[in-house]
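Please find one structure pasted underneath; my questions will follow.
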Amino acid sequence: MIRATLPSIANPHIIAKQHAPGSCENLLMRHPDRYFDSDPTVRGIARELYRSVANMALVCPHGHVDPRMFADNSPYPDPATLIVIPDHYIFRMLYSQGIALERLGVRRTDGGAVEQDPRRIWQLFAENFRLYRGTPTGCWIADELAMVFGIEEPLNAASGMRIYDQLCEKLATPEFLPRALFERFRIEVLCTTDAATDTLEFHRKIRESGWKGRVVPTFRPDLAIDILHPDWRREIEKLGALAGREIVDFPSYIAALENRRAFFKSMGAVSTDHACVAPHTEQLSAGEADNILQRALAGHADAIDARRFTAHMLIEMARMSSEDGLVMQLHPGCWRNHNLGIQRMFGADKGCDIPVATEYTANLHALLNAFGNHPKFRLVLFTLDESTYSRELAPLAGHYPALRLGPPWWFHDSLQGMIRYREQVTETAGVYNTAGFNDDTRAFPSIPARHDLSRRMDANFLARLVARHQIEMDEAMEMMPDLAANLARETYRLG
C-alpha cells in the first residue's frame, strides 16, 4: 500500500533572494522555478505540484555514504576533504581537462606524493568550476552550496577562498555535524552499501549510541562472487570465518552467504546489491556449480567459469531473496576501471568507468522464469544503456510482478537523463512499476540537492501530462508524493 504524504514542515530549501539596493550583483540566485519548462502553463502547474512535496522526508534506499561518519559524528575536516577528494563525479571532469589527480589530493596506491593542502585543492576546484556548467554535478554543487551552507555567491577563482573560509566556519559548528545534517535534511532512512564480509561495526555503534537516525546496511557480495578477482580467495576465507564454517564446496559456500544475509537483515538491511558487466543468468546443476568453485579454490578457474558462475549466483541470490525477503538490486552494464594506468596508480573507482551496451531480455530469461512471478521476490533493475528503456526494460517491468525499474543511474542521473527515462518508460510500464528515486551517492551533503532536482523534474513531467489533458490535476497531485518518496518506501519495503 502506498503511503500518504508526510506532514509538512518548514521548507529546508533556500528561496531565491531579491537584490537589495547597492547589494553585490553576484549574489547566488537559485531561481525558485529552476528546471521547470519555460512554457507558462506547464511552469505554473509544475510549481504547484512541486510545492506539494517539497517538504516531504527524504527516502534514500541506495547509496554509498560511509556509515562511520554517523557512528563517530565528528566534524568534517575541511571542504576539500568533504566535497572534492572523495567524489569521482568531480575529479573525473577535472582529469579529463588534464588536471592530475595528485593535484586534487587523491591518494596514490604506492604512497607517492599528492597535494596535502586542502586550500590549494579547493582553489583549483573553484578555478575550474566553469567546467561543470550544464552538468548535473554543477547543479548539485550550486544547490548544495546555497541550500545546505547558505553561500550567497557563485564559486569561481575570485570567490574560492572566501567560500572555503565560510564553509570551514560552518563545518566547525554543531549544526553541521553529520547527525545534525541528517536530521536537517529530514532523511527518513539512509541505506549504505557494504561488502558481504563487513562486520557492520559502525552500524552497530550507531544503534548502541541511542541516536534515532535510521541508517541501515545493504548486502553487496560482489567480491565473494567474482572468482577471478585477485582478492577473491582472501574474501572467501574471511567469509567462512565470519560465518563460522570453512568453505570447501558449493553447499558450504552457499550456507556462508545465507548466514551473512541473515546477519545483515538482523542489522536492519532491506536489500542486496549486485554489479556485473552483463546481466547474464544461467541455472547450473549442483555438480556444475561445485566443479567451478573447486577450480576457483585451486586457482584454475578461467573467464568462461567466471561468467557461468556469476550467472548462476545471480539466480541463487534471487532464490535467497524469495526466501528472506531482501530486495535484490542489479546494476549491470559498466566497464569499470577502463583506464588501467589510473587503476594501477590510484586504485579502483576513480572516475574511469564507461557504460557498455547491455541486453536484458535474453540475459534475464532464466532468472525471471525462475522467480519473476514469485510473490515474495522483488528485483530492482538499473541500466546505463538508455536504448533499452522502451525496447526491453519497460516491457519487462510492465509484465513481471517481481520487477521494478530503478531510476536513471550514474551517467544518466541528470535532468535530461530523468526526462528521457520518464518519457520512454511511462507509456509501457507506467509510473507504479518504477522504484521512485534514490540518490546513489557518496557525497552526503549533496543528497537534498539530488532529491530536489528529481522532484522538480517529476513535477514538470506530470505538469506536461496535465497541460495536454492526459491526466487530471487531482491525479497528478496524488502521483507526486508517490514519485517523491512513497514508491521508494514501497519498492524497498521500508515501512
Does a salt bridge link Lys205 with Asp72, judged by any charged N lying under 4.0 Å from a carboxylate O? yes
Between Asp110 and Arg108, does at least one N-O distance fall below 4.0 Å, as a salt bridge requires? yes
Should Glu423 and Arg464 count as an ion pair when the cut-off is N to O under 4.0 Å? yes
Side chain to side chain, Asn339 and Lys350, heavy atoms closer than 4.5 Å: no
I want to check a possible cation-pi pair here: Arg450 against Tyr89, using under 6.0 Å from ring centre and within 45° of the ring axis as the test. yes
Under 3.5 Å, is there a donor-acceptor pair between the Asp78 and Thr81 side chains? yes
Hey, are Arg442 and Asp66 close enough for a salt bridge, meaning a charged N less than 4.0 Å from a carboxylate O?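 Result for this pair is no, no salt bridge flagged.
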Looking at the rings of Tyr389 and Tyr421, which for Trp means the six-membered one, are their centres under 6.0 Å apart? yes
Under a 3.5 Å distance rule, please check whether Ser52 uses its side chain to pair with a backbone N or O of Leu49 as donor and acceptor.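 Between the backbone of Leu49 and the side chain of Ser52 there is a qualifying donor-acceptor contact (under 3.5 Å).
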Over 60° means perpendicular and under 30° means parallel, so tell me whether Phe182 and Phe70 are parallel, tilted or perpendicular. perpendicular
Derivation of the side-chain hydrogen bond (donor to acceptor under 3.5 Å, both in side chains) call for Ser159 and Asn156: CA-CA 5 Å; Ser159 67; Asn156 53 43; 3.2 Å; yes
Is there a side-chain contact between Pro332 and Thr383, using heavy atoms and a 4.5 Å cut-off?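 No - every pair of side-chain heavy atoms lies 4.5 Å or more apart.
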Angle between ring planes, Phe382 versus His331, binned at 30° and 60°: parallel, tilted or perpendicular?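 Answer is parallel, since the angle falls under 30°.
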Pair Arg34 + Asp452, salt bridge at N-O below 4.0 Å: yes
Test Asp222 against His274 for side-chain hydrogen bond (donor to acceptor under 3.5 Å, both in side chains), laying out the working first. CA-CA 6 Å; Asp222 291 353; His274 311 268; 4.6 Å; no
Above 12 or not: heavy atoms from other molecules or residues under 6.0 Å from CZ of Arg120? no
Does any non-hydrogen side-chain atom of Arg422 lie less than 4.5 Å from one of Met457?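 In contact.
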Hey, can you tell me if His88 and Phe91 have their rings parallel, tilted or perpendicular (30° and 60° cut-offs)? perpendicular
Under 6.0 Å from the CZ atom of Arg107, do we count more than 12 heavy atoms belonging to anything else shown?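 Atom CZ in Arg107 is not packed in, count stays at 12 or less.
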Is there a side-chain hydrogen bond (donor to acceptor under 3.5 Å, both in side chains) between Ser414 and His412 once you walk through the steps? CA-CA 5 Å; Ser414 63; His412 309 308; over 6 Å; no
Is a side-chain donor or acceptor of Arg378 paired with a backbone partner of Thr491 at a separation under 3.5 angstrom? yes
Does a side-chain heavy-atom distance below 4.5 Å link Val65 with Ile447? yes
Closest contact, heavy atoms only, Ala57 versus Arg455: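 Looking at all heavy atoms of both residues, the shortest contact is O-NH2, 2.9 Å.
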Heavy-atom check, side chain of Glu427 versus side chain of Ser390, under 4.5 Å: no
Going by atom types only, do Asp482 and Tyr432 share a side-chain donor-acceptor pair under 3.5 Å?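 Note: Asp482 and Tyr432 side chains meet the donor-acceptor criterion.
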Does the side chain of Asp413 come within less than 4.5 Å of Met418's, by heavy atoms?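 In short, these two side chains touch, coming nearer than 4.5 Å.
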I would like to know whether Thr192 and Asp194 meet side-chain hydrogen bond (donor to acceptor under 3.5 Å, both in side chains); could you show each step before the answer? CA-CA 6 Å; Thr192 64; Asp194 313 271; 2.8 Å; yes
Do you see a donor-acceptor pair shorter than 3.5 Å between the side chains of Trp409 and Asp440? yes
Close side-chain approach of Trp122 and Ile163, heavy atoms under 4.5 Å: yes
Aromatic Phe36 / basic Arg456 pairing, under 6.0 angstrom, 45° off normal: yes
Salt-bridge present (Asp165, Lys170; N to O < 4.0 Å):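 Salt bridge: no.
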Are side-chain N/O atoms of Arg261 and Ser321 paired as donor and acceptor at under 3.5 Å?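 There is such a pair (donor and acceptor under 3.5 Å, judged by atom type) between the side chains of Arg261 and Ser321.
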When you look at CD of Gln470, are more than 12 heavy atoms from neighbouring residues, nucleotides or ligands closer to it than 6.0 Å? yes
Does any non-hydrogen side-chain atom of Leu223 lie less than 4.5 Å from one of Asp231? yes
